[in-house]
Visitor: 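Encoded as structure tokens, here's the structure I'll be asking about.
In listed order, ligands and their atoms are each counted from 1. Model, not experiment: these values are computed from the prediction.
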Amino acid sequence: MSSHPVSSHPLWGGRFSSAPDEVAARFSASVESDSRLAAEDIDGSLAHARMLAKQGVISGEDLAAIECGFTELRSEIEADAFKWDPAHEDVHLNLERALTARIGDAGKRLHTARSRNDQVATDMRLWSRKAVTRLTSELLALVEVVLDRVRQDGEHLLPAYTHLQRAQPVRLGHHLLAWVAMWLRDADRLLDARERLNFSPLGAGALATTTFPIDRAHTAAALGFRAPMWNSLDAVSSRDFLLELLGSLSILQVHLSRVAEELVLWSSQEFAFVEMSDAFATGSSMMPQKKNPDMAELIRGKSSVAPAAFLQVAMMLKALPLTYNRDMQEDKDPVFRAFDTSLDSLIVMRGMLASLRFKPSRMSAALRDGFIEATDVADYLAGKGVPFREAHACSGKLVAAAVQAGCTLLDLPLAMYQSVNAAFEADVFESLAAEAMVERRDVLGGPASARVQEALGLAGAELAVLKQRL
Ligand code: ARG
């Protein structure tokens, strides 16, 4: 009736006659987390406004006012002087309100032919694209540090393990390059995900585009997207790009955690293959002798964050009907948290690896016990024509004899070898020197010095290609 308030709800205008419940307003406000999308939201709005002007939907004066307003708002936000208001729900409404407060009606025209549904999908894709670039460049910087360590310290020998039991000797460079191989794939995966997410939802509107003659290819190109998404329902409702990002981050964090675990082991007194620099270690409040590898432990501990974020977003999405549902607002916190934690872990890992000290004498000492020569004893016989399975059994007998005698394989007399198999000759002992064992593994992908150099070259080439893609 005539006494009915026209617009008593601060956000939704005509349809509403009462103010929002306080708890409901707090429950639905997201600006605390999505204000992080401010730069992307402004970029998207400017692209939209310029397209509207080009299409004659808004005037050139309106566009000029919008551009001017956003320039001011952007610097205010960058200077941390903008006051975000939860009463205006999210980043989109906060910016629109602030713009309108500055420039009046032109600000109110900005939302022509647009919905927050295509707006937020656009913002998240723009943000994710940047996030991948930032994170991958950090990851490649980590790879670079490890490649340097391979060049400096790669020749040292140490045991490689299966089942955490000493297995065969390798060069340190070979082991470090195994980390590099994982991380290069992680970088590749992230950049692949970036390719697939780089399409524009803008212009999909709430879900079914718009009645205005918009040019979606124009906004897509202006924002650096490869093309507009070709189904408007999918454009506003798909978040698989976030799952892919979180999946890639999860795998990266799993890899960081495995390396962190090796560093925890290696810095223990039992291994003592490395010593952390003081800058990346911590003491104990009670035990003055302690130097703990807390940074590695924290990287390991925080590696649950991206997998948990993946699960959170996947569970949030799994039963949502098309198209947009408000549930989707809940994607922000897990995505931001997974990104922040992964980035920090990369930076800490880089500092730790750049500054740790390898202890080659401890590594080579670990080659002495553990019967690490046993495979080579078997290979020695197989090389002399003894069938490998038989050679394996002969070597096993020698290991048993050494266990019994409480000595190493190298301590057993030649006569003992020859009693197990007549094909053994005196040269068996020199063939069991650690250097000799490693250098014989001169196979592509193997630990011989030349192969480590070869792998270093291949890794460097992959790194260069990935850097190009950044
Ligand atoms: N803050 C919302 C989000 O992040 C923006 C989209 C709101 N759309 C809507 N129809 N309520 O998802």
Visitor: Name the closest protein heavy atom to atom 12 (O) of ligand 1, giving the residue it belongs to and the distance to 0.1 Å.
Guide: Y324 OH, 2.4 Å
Visitor: Any idea which protein heavy atom is nearest atom 11 (N) of ligand 1, and the distance to it?
Guide: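 Atom 11 (N) of ligand 1 sits closest to the protein heavy atom R116 NH2, 3.5 Å.
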Visitor: To the nearest 0.1 Å, how far is atom 5 (C) of ligand 1 from its closest protein heavy atom, and which atom is that?
Guide: D90 OD2, 3.5 Å
Visitor: Within ligand 1, which atoms have a heavy atom of S30 less than 4.0 Å away?
Guide: 1 (N)
Visitor: What protein heavy atom sits nearest atom 8 (N) of ligand 1, and how far off is it?
Guide: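 The answer is N117 OD1, 2.9 Å.
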Visitor: Would you say the ring centroid of W179 lies under 6.0 angstrom from that of H175?
Guide: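 Yes, close enough.
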Visitor: Are any of the heavy atoms in K332 under 4.0 Å away from ligand 1?
Guide: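 Distance cut 4.0 Å: K332 passes for ligand 1.
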Visitor: One residue to check: E89. Relative to ligand 1, which of side chain, backbone, both or neither has a non-hydrogen atom less than 4.0 Å away?
Guide: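 Under 4.0 Å from ligand 1, E89 contributes no heavy atoms.
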Visitor: Considering non-hydrogen atoms only, spot the tightest contact between P447 and V452 and give its length.
Guide: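 Here P447 and V452 meet closest at O-CG2, 3.5 Å.
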Visitor: Can you check salt bridge (charged side-chain N to carboxylate O under 4.0 Å, His left out) on E195 and R226, steps first, answer last?
Guide: CA-CA 9 Å; E195 287 301 300; R226 283 159 70 189; 3.5 Å; yes
Visitor: Is there a polar contact between ligand 1 and Q329, counting only N or O atoms under 3.5 Å apart?
Guide: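 Q329 vs ligand 1: N/O contact under 3.5 Å present.
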Visitor: Indicate the ring-plane relationship of F271 and F273, choosing parallel, tilted or perpendicular according to the 30° and 60° boundaries.
Guide: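 Perpendicular: the ring planes of F271 and F273 meet at over 60°.
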Visitor: Verify the ring-centre separation between W230 and F199: is it less than 6.0 angstrom?
Guide: no
Visitor: Identify the two heavy atoms, one from A106 and one from I66, that lie closest to each other, and give their separation to 0.1 Å.
Guide: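 So the minimum-distance heavy-atom pair works out to O-CD1, 3.6 Å.
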